[in-house]
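All chains are named by letter (A, B, ...) in the order of the sequence lines, taking the proteins before the strands, and each is independently numbered beginning at 1.
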There are 2 protein chains.
Amino acid sequence: MSTHAIHSDALAQKLADSGLRNTPQREFVYDALLTKRDHPTADEVYARVKTQLPGISLATVYNCLETLVQCDLVRAVNFERAPTRYCPNLHPHAHFHDETTGATHDIELPASLLAEIKAVLPPGYNADVIELTFRGKLPATR
Amino acid sequence: MSTHAIHSDALAQKLADSGLRNTPQREFVYDALLTKRDHPTADEVYARVKTQLPGISLATVYNCLETLVQCDLVRAVNFERAPTRYCPNLHPHAHFHDETTGATHDIELPASLLAEIKAVLPPGYNADVIELTFRGKLPATR
DNA sequence: ATCCTTCTTTAGAATTATTCCAATTTCAAC
DNA sequence: GTTGAAATTGGAATAATTCTAAAGAAGGAT
């Protein structure tokens, strides 16, 4: 079994569900996200995948990331207008953006809080997506 | 009193507090945001202000908006990687982004909910900014 | 096995929101 | 009035992303 195939079961499944093909590029891109879950940008994913698939192009990385987002395997995360970051955590979660290091931390969200958040919406407002982002400074010692 | 000066009291105050000058460009840009609170982009603000201040440049609109954000008179609002939008609502509020019309609606946030949201953060995580965004479709009939 | 069609990848050009820059202009203080 | 800092301006530069057209793979029908 090839290294990058370790995580590809869900990928193969979801791609098949969507009538899409399972390509090496898609597997390596997805694997890069799963292997180092530090919310990399497309450029960072590109750099990581290139070590294993030297011929891959940046456009393909963008294509693959978009495909993974469409398949609901990955979330695209945006802070202000910084480059989009990608996150394979499928649980409902918020993001804490540490202004000191630039790192992004996932904050799991209890269903109860999600329900309370939805409850602030007026009647008729139905949210498909809820995004919750914190920004702040973490104590240096961690 | 000139039209655009109607709303400029808070502006003059905040600018003075920050040691900045009160210019016609800043007044018109701020007034444009207050007059039509539809979360315009910089380009849209530019178009609106130009009708009253034909010589203003887009760079200046960007500068003024940035200044207003620095002065805490205006919030910059981002959805995905769409152009930044600007919002003069200073109350704690979330944004509902209507995918049908593209319109953005403010959702006021009770202090109690804000407190509960902050409570999901692990110890040591202190958030300076909390951003909550909903995306969904509103019933067409409104 | 081969053809055919469709999907995917690729390299590079194009797009576009925003920022940067250098040169004027404004304005408050002296 | 002069001076100096702050602000504005137009245009060039930047950078993330998307687009485009061409080449490459891959599955299904014959």
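Note that CD1 of A/Ile56 and OG1 of A/Thr60 are 5.5 Å apart. Values are rounded to the nearest 0.5 Å.
Regarding contacts with the backbone of D/dT9, a side-chain N or O of B/Gln25 is found under 4.0 angstrom from either OP1 or OP2. When the side-chain nitrogen and oxygen atoms of A/Thr84 are compared with OP1 and OP2 of D/dA16, none of them lie within a distance under 4.0 Å. Here B/Ser57 does not reach the OP1 or OP2 of D/dT8: none of its side-chain N or O atoms lies under 4.0 Å away. Checking the phosphate oxygens (OP1, OP2) of D/dT17, a side-chain nitrogen or oxygen of B/Arg81 falls inside 4.0 Å.
Using a 4.0 Å cut-off between charged side-chain N and carboxylate O, B/Arg26 and B/Asp31 make no salt bridge.
Outside the 6.0 Å centre-distance limit, the rings of B/His105 and B/His97 are not counted as a close aromatic pair.
Set against C/dT26, C/dT9, D/dT18, the side chain of B/Arg21 has C/dT26 as its closest nucleotide. Taking every side-chain heavy atom of A/Cys64 into account, C/dT9 is the closest of C/dT8, D/dA7, C/dT9. Among the nucleotides D/dA7, C/dT10, C/dC7, the one closest to any side-chain atom of B/Thr23 is D/dA7.
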Salt bridge (Lys or Arg N to Asp or Glu O under 4.0 Å) between B/Lys36 and B/Glu44: does it pass, once the steps are laid out?
CA-CA 11 Å; B/Lys36 194 157 175 233; B/Glu44 288 164 352; over 6 Å; no

Residue pair B/Asp106, B/His39: steps toward the side chain to side chain donor-acceptor pair (under 3.5 Å) verdict
CA-CA 10 Å; B/Asp106 287 0; B/His39 303 82; 2.7 Å; yes

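Each of B/Ala59 and B/Arg26 was matched to the nucleotide of DNA chain D holding its nearest heavy atom; the match closer to the 5' end belongs to B/Arg26. Each of B/Leu58 and A/Leu20 lies near DNA chain C, and the nucleotide nearest A/Leu20 is the one positioned closer to the 5' end. Nearest-nucleotide positions on DNA chain D for B/Gly55 and A/Asn78 put B/Gly55 closer to the 5' end.
Distance CG (B/Leu65) to P (D/dT8): 11 Å, rounded to an integer number of Å. Atom CG of B/Asn63 and atom C1' of C/dT18 are 11 Å apart (whole Å). Atom P of nucleotide D/dG27 and atom CG of A/Leu15 are separated by 13 Å, given to the nearest angstrom. One can place CZ of B/Phe28 at 12 Å from P of D/dT9, the figure rounded to the nearest angstrom. Remark: C1' of D/dG11 and CD1 of B/Ile56 are 17 Å apart, rounded to the nearest angstrom. With rounding to whole Å, A/Tyr62 atom OH is found 18 Å from C/dT15 atom P. Between B/Arg85 atom CZ and C/dA17 atom P the separation is 11 Å, expressed in whole Å. A straight line from CG of B/Asn22 to P of C/dT26 spans 16 Å, rounded to a whole angstrom.
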